[in-house]
Engineer: 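Mind having a look at this structure? Questions to follow.
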Amino acid sequence: MIRNNFRYTIIILMIITLTNCKKSVDNLDGWEIPDCINLKMAIIDLNSDMVKIEINKMLTDLEPNRTKDDEWGHEKNLDILVNRLNSNCDSINASLFCYCCNKSLPPQSIIILSVDSSRTIITRSLDIWTPDDDILQCTEIHKYYN
């Protein structure tokens, strides 16, 4: 009887443990889907720390692939990032403004983000560090001036 109770207790604990585990990666590609509500609010508030956290979740699998036509190896990766933002966060509109246009070392690329805040479109500029030997990384968000 005690052995059966112990067995049932172990089974119940295993079920509780397995059902409470949250997988951090939300898809098979190895990147995590951002919290779009937090990201939208961070974009509106110019909260660079939160924007970096949410954007960088989507960059973990984007290794550079240098070619003759792409010396930095991230042009396709930036297109992937824009697509991930537009596909996963309905409240955010993303577009690539320029690739490796800020000639810092490594260069930075710029993505334009737009969100609707109480029927007012808020537009921001997102700096993406674009190294030829590492994954992309979000570095800063700014007001966008047309």
Side-chain angles (χ1 to χ4, degrees), residues 7-146:
R7 185 177 295 154
Y8 290 129
T9 302
I10 295 296
I11 291 170
I12 290 171
L13 287 173
M14 287 176 59
I15 291 171
I16 291 171
T17 301
L18 291 175
T19 57
N20 284 334
C21 290
K22 182 184 183 300
K23 195 173 176 185
S24 65
V25 176
D26 293 314
N27 57 67
L28 298 176
D29 295 327
W31 57 276
E32 190 176 344
I33 295 173
D35 181 328
C36 296
I37 295 169
N38 281 347
L39 180 55
K40 179 182 176 181
M41 294 310 300
I43 291 167
I44 291 168
D45 295 339
L46 285 171
N47 181 339
S48 282
D49 291 336
M50 183 57 69
V51 169
K52 286 189 265 190
I53 288 169
E54 295 302 331
I55 295 294
N56 287 335
K57 288 177 181 180
M58 295 182 283
L59 301 176
T60 58
D61 65 327
L62 299 180
E63 298 281 340
N65 183 22
R66 296 175 69 184
T67 65
K68 182 179 79 169
D69 298 325
D70 183 6
E71 70 176 290
W72 295 99
H74 281 297
E75 190 168 13
K76 288 182 182 176
N77 290 339
L78 284 162
D79 290 337
I80 291 169
L81 173 59
V82 166
N83 185 35
R84 286 176 180 177
L85 278 163
N86 290 327
S87 298
N88 290 287
C89 294
D90 293 337
S91 61
I92 300 169
N93 183 28
S95 62
L96 180 62
F97 180 76
C98 64
Y99 175 61
C100 292
C101 52
N102 183 338
K103 299 301 180 189
S104 59
L105 283 177
Q108 293 187 49
S109 299
I110 298 173
I111 291 176
I112 303 300
L113 302 174
S114 299
V115 297
D116 184 331
S117 175
S118 301
R119 298 184 192 189
T120 300
I121 301 299
I122 306 293
T123 305
R124 304 290 190 226
S125 161
L126 188 65
D127 295 342
I128 304 290
W129 188 54
T130 314
D132 66 348
D133 62 349
D134 203 354
I135 62 172
L136 297 169
Q137 186 175 12
C138 177
T139 59
E140 195 68 41
I141 188 165
H142 309 276
K143 288 184 179 180
Y144 176 73
Y145 300 102
N146 224 353

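All of these numbers come straight from a predicted model, not from anything done at the bench.
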Engineer: Identify every side-chain donor-acceptor pair in residues 101-109 under 3.5 Å, counting partners at least two apart or on other chains, and give the distances.
Structural biologist:
residue: Asn102; atom: OD1; partner: Ser104; partner atom: N; Å: 3.4
residue: Lys103; atom: NZ; partner: Cys100; partner atom: O; Å: 2.8
residue: Ser104; atom: OG; partner: Pro106; partner atom: O; Å: 2.8
residue: Gln108; atom: OE1; partner: Thr139; partner atom: OG1; Å: 3.1
residue: Ser109; atom: OG; partner: Cys100; partner atom: N; Å: 2.8
residue: Ser109; atom: OG; partner: Thr130; partner atom: OG1; Å: 3.0

Engineer: Does Asp79 have any side chain to side chain donor-acceptor pair (under 3.5 Å) partners at least two apart in sequence or in another chain, and if so, which?
Structural biologist: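 Result, side chain to side chain donor-acceptor pair (under 3.5 Å) vs Asp79: none returned.
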
Engineer: Of all heavy-atom pairs between Asn86 and Ile92, which one has the smallest distance, and what is that distance?
Structural biologist: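 Looking at all heavy atoms of both residues, the shortest contact is OD1-O, 3.5 Å.
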
Engineer: Rounded to the nearest 0.5 Å, how far apart are CD1 of Ile128 and CG of Leu78?
Structural biologist: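 Separation between the atoms: 6.5 Å.
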
Engineer: Which residue pairs satisfy the disulfide (SG to SG under 2.5 Å) criterion with at least one member in residues 56-85, sequence neighbours excluded?
Structural biologist: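 Qualifying pairs, neighbours excluded: none.
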
Engineer: Report the residues that fulfil disulfide bond (SG atoms under 2.5 Å apart) with Cys89, sequence neighbours left out, ordered by chain and then residue number.
Structural biologist: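 Residues passing disulfide bond (SG atoms under 2.5 Å apart) with Cys89: Cys36.
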
Engineer: Inspect the surroundings of CD1 in Ile37 and state if more than 12 heavy atoms from other residues, nucleotides or ligands are less than 6.0 Å away.
Structural biologist: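 No, because the 6.0 Å sphere around CD1 of Ile37 holds 12 heavy atoms or fewer from other groups.
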
Engineer: Please check if the number of heavy atoms outside Tyr144 that lie under 6.0 Å from its OH is greater than 12.
Structural biologist: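 Above 12, so yes.
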
Engineer: So do the side chains of Leu113 and Val115 get within less than 4.5 Å of each other, counting heavy atoms only?
Structural biologist: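 Result no, sub-4.5 Å side-chain heavy-atom pair not found.
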
Engineer: As an exercise, state the distance from CH2 of Trp31 to CG of Asn56, rounded to the nearest 0.5 Å.
Structural biologist: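 Output value for this atom pair is 13.5 Å.
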
Engineer: I'd like to check Asn38 versus Ile53 (side-chain heavy atoms, cut-off strictly below 4.5 Å). Are they in contact?
Structural biologist: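 Heavy-atom side-chain distance check fails, nothing below 4.5 Å.
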
Engineer: Which pairs with one or both residues in residues 104-146 pass disulfide (SG to SG under 2.5 Å), sequence neighbours excluded?
Structural biologist: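 Listed once each, the pairs would be none.
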
Engineer: Asn88: what forms a side chain to side chain donor-acceptor pair (under 3.5 Å) with it, not counting sequence neighbours?
Structural biologist: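 Not a single residue meets the side chain to side chain donor-acceptor pair (under 3.5 Å) criterion with Asn88.
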
Engineer: What residues form a side chain to side chain donor-acceptor pair (under 3.5 Å) with Ser87, not counting sequence neighbours?
Structural biologist: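 Partners of Ser87 by the side chain to side chain donor-acceptor pair (under 3.5 Å) criterion, ordered by chain and then number, come out as Asn83.
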
Engineer: Sequence neighbours left out, what passes side-chain contact (heavy atoms from CB on, under 4.5 Å) with Ser117? Give chain and number order.
Structural biologist: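 For Ser117, the residues satisfying side-chain contact (heavy atoms from CB on, under 4.5 Å) (neighbours in sequence not counted) are Ile44, Ile122.
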
Engineer: Taking side chain to side chain donor-acceptor pair (under 3.5 Å) as the definition, give me every residue that meets it alongside Lys57, ordered by chain and number, with sequence neighbours left out.
Structural biologist: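 For Lys57 the side chain to side chain donor-acceptor pair (under 3.5 Å) partners, ignoring immediate neighbours, are Glu54.
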
Engineer: Check each of Ile112, Ile110, Val51 against Leu126 using the side-chain contact (heavy atoms from CB on, under 4.5 Å) test, and report the only one that passes.
Structural biologist: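 Of the listed options, the one satisfying the test is Val51.
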
Engineer: Can you run down the salt bridge (charged side-chain N to carboxylate O under 4.0 Å, His left out) pairs that involve residues 133-146, sequence neighbours left out, and say none if there aren't any?
Structural biologist: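 Qualifying pairs: none.
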
Engineer: Begin with the C-alpha distance, continue with both residues' side-chain angles, and end with the deciding distance and a verdict on side chain to side chain contact (heavy atoms under 4.5 Å, CB included) for Asn77 and Asn65.
Structural biologist: CA-CA 9 Å; Asn77 290 339; Asn65 183 22; 5.9 Å; no

Engineer: So how far is it from Thr60 OG1 to Leu136 CG, rounded to the nearest 0.5 Å?
Structural biologist: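 Between atom OG1 of Thr60 and atom CG of Leu136 there are 11.0 Å.
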
Engineer: Which residue pairs pass the salt bridge (charged side-chain N to carboxylate O under 4.0 Å, His left out) test when at least one of the two sits in residues 110-126, sequence neighbours left out?
Structural biologist: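 As it turns out, there is no salt bridge (charged side-chain N to carboxylate O under 4.0 Å, His left out) pair with a partner in residues 110-126 once direct neighbours are skipped.
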
Engineer: Looking at Tyr99 and His74, would you say the former's side chain and the latter's main chain have a donor-acceptor pair under 3.5 Å?
Structural biologist: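 Yes.
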
Engineer: Filter on salt bridge (charged side-chain N to carboxylate O under 4.0 Å, His left out), then keep only pairs touching residues 64-74, sequence neighbours left out; what's left?
Structural biologist: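 For residues 64-74: Arg66-Asp132.
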
Engineer: Between Met41 and Asn47, is the side chain to side chain contact (heavy atoms under 4.5 Å, CB included) condition met? List the steps.
Structural biologist: CA-CA 8 Å; Met41 294 310 300; Asn47 181 339; over 6 Å; no

Engineer: Could you tell me whether the side chain of Asp127 reaches within less than 4.5 Å of the side chain of His142, counting heavy atoms only?
Structural biologist: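 When only atoms from C-beta onward are counted, Asp127 and His142 do touch, with a gap below 4.5 Å.
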
Engineer: If we only count heavy atoms from C-beta on, is the Lys76 to Thr67 side-chain gap below 4.5 Å?
Structural biologist: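 Contact flag for Lys76/Thr67 side chains = no.
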
Engineer: Measure the spacing between CG of Leu39 and CD1 of Ile33 and express it to the nearest 0.5 Å.
Structural biologist: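 So the gap between those two atoms works out to 13.0 Å.
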
Engineer: What is the distance from atom CD1 of Ile111 to atom CG of Leu85, rounded to the nearest 0.5 Å?
Structural biologist: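 Between Ile111 CD1 and Leu85 CG, I get 6.5 Å after rounding to 0.5 Å.
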
